[in-house]
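One structure is given here, and the rest of the page talks about it.
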2 protein chains.
Amino acid sequence: MRFKSDIATLCRDHGLRLTGPRRIIMKALAESIDHPDAVELHRRVTKIDPGIAIATVYRTLRLLEEKGVLERHVFGDGPARFESAEQEHHDHLIDMDTGDVIEFRSDEIERLQEEIARRHGFEIVSHRLEIYVRPLRQPRRAPRDERDR
Amino acid sequence: MRFKSDIATLCRDHGLRLTGPRRIIMKALAESIDHPDAVELHRRVTKIDPGIAIATVYRTLRLLEEKGVLERHVFGDGPARFESAEQEHHDHLIDMDTGDVIEFRSDEIERLQEEIARRHGFEIVSHRLEIYVRPLRQPRRAPRDERDR
DNA sequence: TTAAGTGCAAAGGGTTTGCACGGTC
DNA sequence: GACCGTGCAAACCCTTTGCACTTAA
């Protein structure tokens, strides 16, 4: 997860004290390449400092969300998952087999949404587009031992 | 909420017993023009029979969802809200001022989603598009019969 | 020094479930 | 008469919160 600036700067800029737990939690976020939920993140930080309470993880996540540093997503009926808000807007493909999240962006879809909202007399505050998917079976040649059956 | 058939038929077709609570809950659903959640639905049915437990409402909703009669939606981080699954697929505009839900459909967006999923090597299982909106100050409301396609 | 941050445990909201009783088929 | 459905209360999961203690600034 990429942030605009380093952790100390991020805290200073938002009026947050740079505490031990905070540093570890934000470092774990920065090193995440996925979209972890609070429990998973807590698992990661307690490997470094087992004393960190899950309440602190929840508080830090909420705080960073309020400051606009993180974005919160709820896929299906699962727990909230987080990603950096400091990147271009995008939507998500969710691989239902693995839970993996793939980011994508479609200007065309964005434009159509604007148009639909306007046509109904609204302006968009935010939106959420999630496509729940399964891997396509690759068309493949049958291996030798599967032929001629 | 419109169902394909009457309540008795709906139950029989899905192997469900037509009990008193069930009849009242399904009648309340049929008469709903909005997208109620379990608590709101419970409020409505207890006006007719105050003895109906909220657990029964939850069980009935889950059952009907599993049978493919209802669709479950979670808007924002609110409670699950339900609508008939026996209608054409559509997406939702959510008026953030009132909580009202407006249905819309865009074949163009559907097509683009298919394209995106395929390009990433996936097939779509389901998707969810929610546009959170606020009324424009000089609203130009779409006529009732105007379509998005 | 002192307000912000923390750990812990308890509480919260929405939803599900175990149990014994009651009603439908 | 089976067995499904129900009411009730307790349990559940994820998340927040009250409290007393600790710590960064």
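Computed from a prediction, not measured in an experiment: that's the story for all the values here. The figures here come from the full heavy-atom set of this structure, side chains too, leaving out hydrogens, waters and symmetry mates.
Across all strands shown, A/G20 has no heavy atoms under 4.0 Å from either base or sugar-phosphate atoms. Within 4.0 Å of A/I52, counting heavy atoms only, lie sugar-phosphate atoms of the nucleic acid but no base atom. Within 4.0 Å of A/L18, counting heavy atoms only, lie sugar-phosphate atoms of the nucleic acid but no base atom.
Residue B/R72 places its side chain closer to C/dT16 than to any other of D/dT15, C/dT16, C/dG5. Distance from the side chain of B/R22 is smallest to D/dC4 among C/dT15, C/dG7, D/dC4.
Residues B/H73 and B/E71 have side chains that bring a donor and an acceptor to within less than 3.5 angstrom of each other. With no hydrogens or angles considered, a side-chain donor-acceptor pair links A/H35 and A/E83 at under 3.5 Å. For B/E114 and B/H127, the side-chain atoms include no donor-acceptor pair closer than 3.5 Å.
The minimum heavy-atom distance linking A/A28 with A/S32 is given by the pair O-OG, 2.8 Å.
As a whole-Å value, the separation of B/E66 CD from C/dT15 C1' is 14 Å. Rounded to whole Å, atom C1' of C/dT6 lies 10 Å from atom CD1 of A/I25. Nucleotide D/dT6 holds its P atom 11 Å from the CE atom of B/M26, rounded to whole Å. Rounded to an integer number of Å, the gap from NE2 of B/H42 to P of D/dT6 is 12 Å. Remark: P of D/dT6 and CG of B/L61 are 12 Å apart, rounded to the nearest angstrom. In this structure, CG of B/D49 is placed 11 Å from C1' of D/dG7, rounded to the nearest angstrom. A/I24 has its CD1 atom 15 Å from the C1' atom of D/dT23, to the nearest Å. Distance B/R43 CZ to C/dG14 P: 10 Å, rounded to the nearest Å.
Between the CD1 atom in B/I109 and the CD atom in A/E115 there is a gap of 9.0 Å [rounded to 0.5 Å]. A distance of 6.5 Å separates CZ of B/F122 from CG of A/L93, quoted to the nearest 0.5 Å.
Of the side-chain N and O atoms in B/Y58, one or more sit less than 4.0 angstrom from OP1 or OP2 of C/dT15. Using a 4.0 Å cut-off, some side-chain N or O of B/T19 falls inside it from OP1 or OP2 of D/dT6.
A/H14 is linked by a ring-ring contact (aromatic ring centres under 6.0 Å, His included) to nothing, counting only residues two or more places apart in sequence or in another chain.
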Atom pairs under 3.5 Å, N or O on each side, protein against nucleotides 18-22 of chain C: can you list them with distances?
unit_1: C/dG18; atom_1: O6; unit_2: B/R59; atom_2: NH1; d: 3.3

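Defining each end axis of the helix from C/dT1-D/dA25 to C/dC25-D/dG1 as the rotation carrying four pairs' C1' atoms onto the next four, with five pairs an end, the two axes are found to diverge by 30° to 10 degrees.
Nearer to the 5' terminus of DNA chain C, by closest-nucleotide assignment, is the contact made by A/V57 (compared with the other of B/R23 and A/V57).
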For side chain to side chain contact (heavy atoms under 4.5 Å, CB included), just list the numbers for B/D97 and B/V133, CA-CA rounded to whole Å, side-chain angles, deciding distance to a tenth of an Å, and then say yes or no. CA-CA 8 Å; B/D97 290 355; B/V133 297; over 6 Å; no
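Aromatic ring centroids of B/F75 and B/H92 lie under 6.0 Å apart.
Linking ILVMFWY side-chain heavy atoms closer than 4.5 Å, directly or via other members, places A/F3 and A/V45 in a single hydrophobic cluster.
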